[in-house]
Protein chains: 2
Amino acid sequence: MPSTLGFAILAVLARGARTGYELTAVMGRPVGYFWTARHSQIHTDLQKLLADGLVRFEAEHGPGPQDKKVYHLTPEGMAALRAWVTEPPRARPERDELVLKTYASWLADPAEVAGLFRAQLALHEERIAQYESQQADFAETPSLGEPSFGNYAALWCGLSYERHRADWCRWMLARLDATPRADGLRAEGSSEDPRRDTGH
Amino acid sequence: MPSTLGFAILAVLARGARTGYELTAVMGRPVGYFWTARHSQIHTDLQKLLADGLVRFEAEHGPGPQDKKVYHLTPEGMAALRAWVTEPPRARPERDELVLKTYASWLADPAEVAGLFRAQLALHEERIAQYESQQADFAETPSLGEPSFGNYAALWCGLSYERHRADWCRWMLARLDATPRADGLRAEGSSEDPRRDTGH
DNA sequence: GGCCGCTATGTCAGAACTGACATAGCGCAT
DNA sequence: ATGCGCTATGTCAGTTCTGACATAGCGGCC
């Protein structure tokens, strides 16, 4: 069975044939929002998929010492991908360095921690703007059978995630900024607990 | 410089001395929500921290062939941890198998994909209930200088994340359930885009 | 004429992590 | 009395991934 990256590669190839280089580019931008890989890893996994008969390639002579290889799915590859899609995901361990830093933030100067969160917030706000403009590029929500439905649904998730993250940064900043250094100021009526405010 | 897990260990030890076994337990529950590790990895990293002089231990005779070792921070370890807290986190690549599956979901039967999301939603709703009860255990929001501020802030983030995730599952299910199999039913006025509905 | 960036392929050492194996006393339940 | 689970330590093979190294043609800029 391929690794998860293997399935990511198959998922991209299901939308059309690509070279390893092009796969690397796709892993950098659209797919990279939820699964990244360097070209070295992609080449390694492509060898494995090839050995398992899930992909094949057409060689063309390209730049550099080697031939350019345009990969495409085999029927077996498509079948493996289809079977994988509806299998429950293996629970990947959450690994979130910012939350870990927050867990230890009681040790640090609040003003410095606030700097950290201001930088993070700016980053998230930038991504929100970027995702929103990408969402606006869809004339209407794609329907289920089209490949672009996958893009749209992933984008929706990414946007929702960035907003959650930005909200958290703002909540942290409200606590942090209210206590500048060592004087007795209290953060009282700042941002509230995340008790559902969308009304249901 | 220690690995991120190394700092996670330091962050736990900053709250009190622990054995490797106890660290494993903590990595399973409170810290495990944002940074997990198996005991094998913890023992390996503990050796490195020991070699770097960031932790030391007191040996007591415990069960099993080896002595029980109670680890605590050295002043150097505390300094390293304090310095790390306010450094910007290295951008960890997003790796989200469910979103990857969603990206390829146009290939699968919507009814089966819906099953996947129903299971995920149930999981998130369970965690929300769990986190909410944990949040209720805090009489009031801890103040910045206390260790429990770190716990509270991490919990706030976790709760917000689970709600975002549950929202996304519900949005997906609204699209998925409206198109049972192959007949021409359209999902029209279901759940809307994540355009800010909290009003600000 | 030379350098940079883009296309395009690959290798390799080392870090980080998982899952299985290995050892052993103590207390509790059947 | 036997076996299970908890405490407690550790090793090791194998997987996944990163970052650096290596090669090379083609087109554009200065």
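The sequence lines fix the lettering, A, B, ..., with proteins before strands; numbering per chain opens at 1. As the structure is a prediction and not an experimental result, all values here were calculated from the model.
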Q. Can you find an N or O donor on one side and an acceptor on the other, under 3.5 Å apart, linking the side chain of A:His39 with the base of C:dT9?
A. yes

Q.
Using 0.5 Å steps for rounding, measure from the CD atom of A:Glu22 to the NE2 atom of A:His39.
A. 15.0 Å

Q) How would you label the contact of A:Ser40 with the nucleic acid (heavy atoms, under 4.0 Å): base, sugar-phosphate, or nothing? A) base

Q: Determine the contact category for B:Arg95: base if any of its heavy atoms lies under 4.0 Å from a base atom, sugar-phosphate if only primed atoms, P, OP1 or OP2 are that close, otherwise nothing.
A: sugar-phosphate

Whole-Å distance between [N] [atom2] and [X] [atom1]?
| X | N | atom1 | atom2 | answer |
| --- | --- | --- | --- | --- |
| A:Asp45 | D:dT16 | CG | P | 7 Å |
| A:Ile9 | D:dT16 | CD1 | P | 12 Å |
| A:Asp67 | C:dT7 | CG | C1' | 14 Å |
| B:His43 | C:dC17 | NE2 | C1' | 15 Å |
| B:Arg90 | D:dT18 | CZ | C1' | 10 Å |
| B:Glu22 | D:dT7 | CD | P | 9 Å |
| B:Lys69 | D:dA8 | NZ | P | 14 Å |
| A:Trp35 | D:dT16 | CH2 | C1' | 10 Å |

Q.
Let me spell it out: for each of B:Thr44 and B:Pro93, pick the nucleotide of DNA chain D with the closest heavy atom. Which residue's pick is nearer the 5' end?
A. B:Thr44

Q) Which comes earlier along DNA chain D counting from the 5' end, the contact point of A:Gln41 or that of B:Tyr71, where each point is its nearest nucleotide? A) B:Tyr71

Among the nucleotides [options], which one has an atom lying closest to any side-chain atom of [X]?
| X | options | answer |
| --- | --- | --- |
| A:Thr19 | C:dT9, D:dG10, D:dC17 | C:dT9 |
| A:Arg38 | D:dG19, C:dC17, C:dG10 | D:dG19 |
| A:Ser3 | D:dT16, D:dG10, C:dG10 | D:dT16 |
| B:Gln47 | C:dA16, C:dG10, D:dG10 | D:dG10 |
| A:Tyr21 | D:dT7, C:dC17, C:dC6 | C:dC6 |

Q) Do B:Glu146 and B:Ser143 meet the criterion of a side-chain donor-acceptor pair at a distance under 3.5 Å? A) yes

Q: Answer yes if the side chains of A:Ser3 and A:Asp45 hold a donor-acceptor pair under 3.5 Å, and no otherwise.
A: yes

Q.
On the nucleotide D:dT16, are OP1 or OP2 found under 4.0 Å from the side-chain N or O atoms that A:Lys48 carries?
A. yes

Q.
If the cut-off is 4.0 Å, is A:Lys68 near the phosphate of D:dG25, judged by side-chain N/O to OP1 or OP2?
A. no

Q: If the plane angle is over 60° it's perpendicular, under 30° parallel, otherwise tilted; pick one for B:Tyr152 and B:Phe138.
A: perpendicular

Q. Between A:Asp96 and A:Arg165, does at least one N-O distance fall below 4.0 Å, as a salt bridge requires?
A. yes

